[in-house]
Amino acid sequence: MSQTIKVSNTRHGNPGRTGWNAILPEPEPANVLEQNVQADWLVIGGGFAGLAAARRLSQLRPDDKTVLLEAIRIGDNAAGRSSGFMIDLPHDISSDSYTGNYESDKKQTVMNRTAIEFARQAADEFDFNQETFDPRGKIYSSATPSGDKHNKEYETYLDGLGEPYETLDADDLRRISGTSYYTSGLFTPGGAMIQPALFVRSLAQGLHVSGAADVYENSPVVELKKDGSAWVAKTQKGSVTAPKVILAVNGHIQSFGFFKRRLMHVFLYASMTRALNPDEVKKLGGDATWDFVPADPLGSTVRRISGVGGDRILVRNRFHYSPNLEASDRDVAWAAKDHDKSFEARFPMLKGVEMEYRWGGRLCLSWHGMPAFGEVEDGIYSACCQNGLGASKGLLSGILAAEQATGTQNAYVDEYLAMDRPTRLPPEPFSTIGATIYLNWKERMAGQEK
Ligand SMILES: Cc1cc2nc3c(=O)[nH]c(=O)nc-3n(C[C@H](O)[C@H](O)[C@H](O)COP(=O)(O)OP(=O)(O)OC[C@H]3O[C@@H](n4cnc5c(N)ncnc54)[C@H](O)[C@@H]3O)c2cc1C
């Protein structure tokens, strides 16, 4: 690897306007890097991983200066576009019912919980409200016999792991959600629900205001160059010189020349309704907030939210393989048709309620769910590729990258370093064709779960 790394893809935007961010008050204008700065630590990327890395560095090295550079606005990135499930339990989205290998799932669950506890402490310290971070658990919802079967399989798996849950029937789900679409559910009390854009915006603000890190937005890094024992990161208008760099850029790690042809880039899509009026809220019934993750990993995530943007419903489905990390408004329109179908099937009492926001965002996956983690070049550490569980695993990889980079003893760092590297993918066009056929087939199999 040369000592000058030119970032090959600097198109960072995601398609569509994310409802989570749009319903919040306008943020302050971006603090753009327009000078040359010296720091002890540079974190690149302001998603779950980058924000966690910056916070962990501030805990481990309180007297050091940490700079975080983010290419776009925090809240408009994949973290802010997610559905806000901070999941503790096994969640292999390439499996039929989220299950994997007992031993590694057990370890990963403990590690995910460490990350969620880290988020809880940040929420306490920076005074997040309940809408921003709420450890209220979630429901695996099913609408078909095959979904019921997935829930049963997951239940058995949880028994084996000694994890608590509560089974729910169609009446329970109707009472909670107001719709009679669902046939069974599994409530798991762990993890947390977040308003994702509010969470990352609040965390970034907390870090900046408390002096834990200087956060710059709309400041994409275009080049990393070795200068003596330090790295100089160039943006369009400035630079940061630091001896150690944490790359928390999700699938864009390949744009920095690392893990090339080893990562799979997928876009996920969501739509959010306009605010329901009081009459519609009454017609819908059910609780003011609920969070359904599909029993079939390729089904629809559905959330009812009630807070700063009023009462709304979110529907998330459709996966789209995109090796060049790009998606367009046309792709959002393609997914939107399915969002509308899923919404109409579940909420006939809300006929005429239209979607106000529709968007897509990036997800990074690898074969066998291996993270793109570790020191990839002298003084450059990767905290990338969260394999579908970006909220908890993203936080975790940021924490662990900060610990590895500071030489902090932690068994979880060893655990992560002992994992295999993401395996090489088949050559193009075979990987795109294969992945697209596989995703389409799995989505068709999900049937009414979608
Ligand atoms: C619709 C949708 C729903 C989802 N739902 C969930 C969910 O409920 N639960 C869950 O756990 N996960 C969910 N995910 C996945 C989750 O959003 C991602 O896995 C997660 O955001 C990854 O976190 P991260 O910090 O690694 O990456 P990101 O959140 O993508 O952050 C990386 C950041 O790096 C920045 N960056 C990249 N290149 C540069 C550069 N050159 N210079 C500066 N900055 C750069 C990017 O702009 C970005 O902000 C969902 C994703 C989508 C799209």
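Reckoned from all heavy atoms, side chains included, excluding hydrogens, waters and symmetry mates. Each ligand, and each atom within it, is numbered from 1 in the order the structure gives. Please read all numbers here as calculations on a predicted model, not as lab measurements.
The shortest N/O to N/O separation between Arg81 and ligand 1 does not fall below 3.5 Å. For the pair Tyr269 and ligand 1, the shortest N or O to N or O distance does not fall below 3.5 Å. Inclusion of Ala383 in the set of residues having an N or O under 3.5 Å from an N or O of ligand 1 is not warranted. Distances between N or O atoms of Ala71 and those of ligand 1 include at least one value under 3.5 Å. At a 3.5 angstrom cut-off on N or O pairs, Phe85 counts as close to ligand 1. Between His252 and ligand 1, no pair of N/O atoms sits closer than 3.5 Å. Inclusion of Ser219 in the set of residues having an N or O under 3.5 Å from an N or O of ligand 1 is not warranted. In terms of polar-atom proximity, Ala49 is counted as a contact of ligand 1, with an N or O under 3.5 Å from an N or O of the ligand.
The ring of Phe133 has its center no closer than 6.0 angstrom to the ring center of Phe128. The six-membered or imidazole ring of Trp359 lies away from that of Tyr357, with a centre-to-centre distance of 6.0 Å or more. No close placement of the Tyr140 and Tyr165 rings is indicated, their centers lying 6.0 Å or farther apart.
Ligand 1 is approached by Ala391 to a heavy-atom distance shorter than 4.0 Å. At least one heavy atom of Leu389 sits less than 4.0 Å from an atom of ligand 1. Using a 4.0 Å cutoff on heavy atoms, Cys364 does not count as a contact of ligand 1. Under a 4.0 Å heavy-atom criterion, Cys384 is not in contact with ligand 1.
Looking at Thr18, its side chain does come within 3.5 Å of a backbone N or O of Trp20 through a donor-acceptor pair. Without hydrogens or angle criteria, Asn387 side chain to Ser366 main chain gives a donor-acceptor distance under 3.5 Å. A donor-acceptor contact shorter than 3.5 Å is absent between the side chain of Asp227 and the backbone of Ala230.
At a heavy-atom distance under 4.0 Å, atoms from both the backbone and the side chain of Val221 approach ligand 1. Looking at Arg316 against ligand 1, only its side chain comes within 4.0 Å, counting heavy atoms. Here Leu363 has side-chain heavy atoms under 4.0 Å from ligand 1, and that is the only part of it that gets that close. By the criterion of a heavy-atom distance under 4.0 Å, the backbone of Ala248, and not its side chain, is placed next to ligand 1. At a 4.0 Å heavy-atom cut-off, ligand 1 does not touch Phe267 at all.
Between Glu377 and Lys226 there is no salt bridge, since no side-chain nitrogen of the basic residue lies less than 4.0 Å from a carboxylate oxygen of the acidic one. In summary, Asp291 and Lys138 do not engage in a salt bridge, as defined by a charged side-chain N under 4.0 Å from a carboxylate O. The pair Asp214-Lys65 counts as a salt bridge, with a side-chain nitrogen and a carboxylate oxygen less than 4.0 angstrom apart.
In terms of heavy atoms, Gly46 sits closest to Leu68 at CA-CD2, 3.8 Å. The shortest heavy-atom contact between Asn14 and Gly361 is OD1-CA, 3.8 Å. Closest approach of Ile72 and Asn77 over heavy atoms only: CD1-CA, 3.8 Å. What you find for Pro196 and Arg303 is that their closest heavy atoms are CD-NH1, 4.5 Å.
Checking Arg318, His320, Arg358 one by one against Tyr269, the side-chain hydrogen bond (donor to acceptor under 3.5 Å, both in side chains) holds for a single residue, His320.
Summarising the local packing, CH2 of Trp334 is surrounded by more than 12 heavy atoms from other residues, nucleotides or ligands at distances under 6.0 Å. Gln448 CD: 12 or fewer foreign heavy atoms inside a 6.0 Å radius. Residue Glu356 qualifies as enclosed at atom CD: its count of foreign heavy atoms under 6.0 Å is above 12.
The protein heavy atom nearest to atom 12 (N) of ligand 1 is Gly390 N, 3.4 Å. At the top of the distance list for atom 36 (N) of ligand 1, counting protein heavy atoms only, stands Val249 CG1, 3.7 Å. The nearest protein atom to atom 34 (O) of ligand 1, hydrogens excluded, is given as Gly45 CA, 3.3 Å; this is a heavy-atom distance. Here the protein heavy atom with the shortest distance to atom 23 (O) of ligand 1 is Phe48 CD1, 3.8 Å. Ranking protein heavy atoms by distance to atom 28 (P) of ligand 1, first place goes to Asn250 ND2, 3.6 Å. Protein heavy atom nearest atom 5 (N) of ligand 1, with residue, atom name and distance: Ser83 N, 2.8 Å. The protein non-hydrogen atom at the shortest distance from atom 22 (C) of ligand 1 is Gln386 CG, 3.8 Å. Remark: minimum distance from atom 13 (C) of ligand 1 to any protein heavy atom is reached at Ser82 CB, 3.6 Å.
Residue Gly47 holds the heavy atom nearest to atom 31 (O) of ligand 1 of all those in Gly16, Gly191, Gly47, Gly398. Summarising the contacts of atom 46 (C) of ligand 1 with Glu70, His12, Arg362, the nearest heavy atom is found in Glu70.
Set against the non-hydrogen atoms of Ala78, the atoms of ligand 1 under 4.0 Å away are 17 (O), 21 (O), 29 (O), 30 (O). Contact atoms of ligand 1 toward Asn77: 48 (C), 49 (O) (distance under 4.0 Å to a heavy atom of the residue). The contact set between ligand 1 and Ile72, taken as ligand atoms under 4.0 Å from a residue heavy atom, comprises 47 (O). Of all atoms in ligand 1, listed by their number and element, those nearer than 4.0 Å to a heavy atom of Phe256 are 41 (N). Close contacts of ligand 1 with Ala79, meaning ligand atoms under 4.0 Å from a residue heavy atom, involve 21 (O), 29 (O). Each of the following atoms of ligand 1 lies closer than 4.0 Å to a heavy atom of Gly361: 53 (C). Set against the non-hydrogen atoms of Leu69, the atoms of ligand 1 under 4.0 Å away are 43 (C), 44 (N).
For the pair Arg56 and Phe118, the cation-pi criterion (under 6.0 Å, within 45° of the ring axis) is not fulfilled.
Considering only heavy atoms from C-beta on, Arg73 comes within 4.5 Å of Pro27 through its side chain.
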